[in-house]
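Values below: every heavy atom of this structure, side chains too, minus hydrogens, waters and symmetry copies.
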Amino acid sequence: MSGVNVAAKKRTRRLPKTTTPAELGLGDHPAKPGPGDPPVDHLRAQLDTQIRELIAREPGTRSGADPEDLHQMRVALRRMRSTLKLSGGLLGPEAETVRAELGWLGQSLGEVRDYDVLIEHLREVVAEFEARDQLAGRELVSKFVAERGVAKRKLTRLLGTPRYAALLVSAARLVTEPAEFTVSAVSDVDAPHAVISLDKPYRKLAKAVGKLPLDPPDDDLHALRIHGKRLRYAAELAQSAAKKKQAAKIKALISATKDLQTVLGDHQDAVVAADRMRAALDTLTPQAGFIAGRIAERELTRRTEARAAWPAVWAKVDTAAAPVVAP
């Protein structure tokens with residue numbers, strides 16, 4: 001056997017075992033409840049689907065071969081947290097504990113994902129610069145690649161902890177075991193329609209928009225994006241529980257909220273990139289510092305463009321929400 005094959009075999013043996021749906025007590029496939037099924041069935045089906053996606057993306061997240069695996073693992077986690085927030089007690093008292101633990105995992109996933117987004121963007125920007133600036137541009141990018149490596153190693157260690165394993169077991173238990181809850185635990189939920197009601201996430205978003213000043217702080221627009229994302233995830237869940245005509249209306253709202261996420265996401269990415277360029281100046285050579293300044297200027301322009309664009313996109317969300325929320 002060649003030395004290369006022996007080394008590859010050793011690396012394979014060192015890879016941690018990935019948890020399977022069966023080991024978590026999940027069935028062969030997630031259930032597919034229909035519009036007439038109880039809200040709790042839709043919640044469990046969505047949670048089941050996202051748990052499977054989370055663990056399916058874990059090997060790629062560990063290896064780091066394709067940043068998309070980490071991205072989709074983070075998306076699955078966010079959808080799980082949204083589902084638990086919407087459950088209103090229908091999944092039992094343990095749901096809030098699981099949601100908090102998902103937040104713990106999300107912090108590490110988010111840190112690495114932010115670096116992935118930044119590094120990919122910087123490489124695209126640097127590639128457009130003159131040949132004489134390429135070396136300094138690569139120096140700048142390498143700084144963030146090194147920082148990303150530190151965050152990634154931390155995440156990999158986290159995925160091997162008993163705490164992470166326990167989180168998966170607890171999340172799966174919300175799918176497989178009947179919830180123990182009292183009427184008072186869900187008293188704020190309109191039980192037959194708890195899952196399909198989009199009133200609360202929409203009103204939170206609309207209220208946040210209404211409070212914004214003429215020139216909103218960057219953090220306020222970032223918070224707006226988070227509200228928009230919660231409305232989108234709620235709408236995706238509601239769509240699965242809706243009848244055909246209502247589902248078509250909800251689909252339009254999902255599309256509009258995706259557009260809002262995109263423009264506000266561009267804004268946040270530009271803000272973060274500009275801030276990172278400023279913070280890096282003291283650690284760079286003069287040549288790389290010059291490149292960082294050029295990039296910061298570009299990002300501030302991108303920020304301005306996103307600020308000009310988002311109100312029109314919000315108007316489309318508002319219009320799309322009208323047929324599916326209470327007046």
Does the side chain of [Y] come within less than 4.5 Å of [X]'s, by heavy atoms?
X: R163; Y: E101; result: yes
X: K251; Y: Q239; result: yes
X: L212; Y: W310; result: yes
X: V272; Y: D114; result: no
X: R232; Y: R79; result: yes
X: D269; Y: L118; result: no

Nearest heavy-atom pair of [X] and [Y]: which atoms, and what distance?
X: K243; Y: P35; answer: CG-CB, 4.0 Å
X: S108; Y: L158; answer: OG-CD1, 3.4 Å
X: A306; Y: V263; answer: CB-O, 3.7 Å
X: T257; Y: G228; answer: CB-O, 4.1 Å
X: S87; Y: A95; answer: OG-CB, 4.5 Å
X: A274; Y: L300; answer: CB-CD2, 4.2 Å

So, [X] and [Y], do they make that salt bridge, N to O below 4.0 Å?
X: E120; Y: R148; result: no
X: R307; Y: D266; result: no
X: E299; Y: R302; result: yes
X: K211; Y: D220; result: no

Point-to-point distance, once rounded to the nearest 0.5 Å, from [atom1] of [X] to [atom2] of [Y]:
X: K245; Y: I250; atom1: NZ; atom2: CD1; answer: 14.5 Å
X: K229; Y: Q261; atom1: NZ; atom2: CD; answer: 5.0 Å
X: L264; Y: D218; atom1: CG; atom2: CG; answer: 11.5 Å
X: K32; Y: S240; atom1: NZ; atom2: OG; answer: 12.0 Å
X: E236; Y: L231; atom1: CD; atom2: CG; answer: 10.0 Å
X: L260; Y: K316; atom1: CG; atom2: NZ; answer: 11.5 Å

Under 3.5 Å, side chain of [X] to main-chain N/O of [Y], donor-acceptor pair present?
X: R113; Y: R74; value: no
X: R303; Y: V271; value: no
X: T176; Y: A172; value: yes
X: D199; Y: A326; value: yes
X: E23; Y: T20; value: yes
X: D259; Y: A256; value: no
X: S255; Y: A252; value: no

Is there a chain of hydrophobic side chains (I, L, V, M, F, W, Y, each step under 4.5 Å between heavy atoms) that links [X] to [Y]?
X: V117; Y: L77; answer: no
X: L140; Y: V150; answer: no
X: Y233; Y: V317; answer: no
X: I119; Y: L135; answer: no
X: V75; Y: M80; answer: no

Please say whether the positively charged group of R276, taken as NZ for Lys or CZ for Arg, lies over the ring of Y115, i.e. under 6.0 angstrom from the six-membered ring centre and within 45 degrees of the axis. yes
Applying side-chain contact (heavy atoms from CB on, under 4.5 Å), run through S170 and E94 and close with a yes or a no. CA-CA 8 Å; S170 296; E94 194 178 357; 3.5 Å; yes
Is there a side-chain contact (heavy atoms from CB on, under 4.5 Å) between V175 and L24 once you walk through the steps? CA-CA 10 Å; V175 176; L24 294 175; over 6 Å; no
Kindly determine whether L109 and T61 satisfy side-chain contact (heavy atoms from CB on, under 4.5 Å), including the steps that lead there. CA-CA 9 Å; L109 285 170; T61 297; 4.2 Å; yes
Run Q287 and F290 through side-chain contact (heavy atoms from CB on, under 4.5 Å) and show every step you take. CA-CA 5 Å; Q287 294 84 355; F290 172 72; 5.8 Å; no
In terms of heavy-atom contacts, does NZ of K143 have more than 12 from other residues, nucleotides or ligands at under 6.0 Å?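 Yes - once you tally the heavy atoms of other residues, nucleotides and ligands closer than 6.0 Å, there are more than 12.
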Looking at residues at least two apart in the chain, or sitting in another chain, which of them share a side-chain contact (heavy atoms from CB on, under 4.5 Å) with P21?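 Partners of P21 by the side-chain contact (heavy atoms from CB on, under 4.5 Å) criterion, ordered by chain and then number, come out as L26, R52, I55.
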Between E305 and H267, does any side-chain donor sit less than 3.5 Å from a side-chain acceptor?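 No donor-acceptor contact under 3.5 Å links the two side chains.
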Does any donor atom in the side chain of E139 or T285 lie under 3.5 Å from an acceptor atom in the other side chain? yes
Measure the acute angle between the ring planes of W314 and Y202, then classify it against the limits of 30° and 60° as parallel, tilted or perpendicular. parallel
The single option from L174, L90, L91 passing side-chain contact (heavy atoms from CB on, under 4.5 Å) against R44: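 The passing option is L91.
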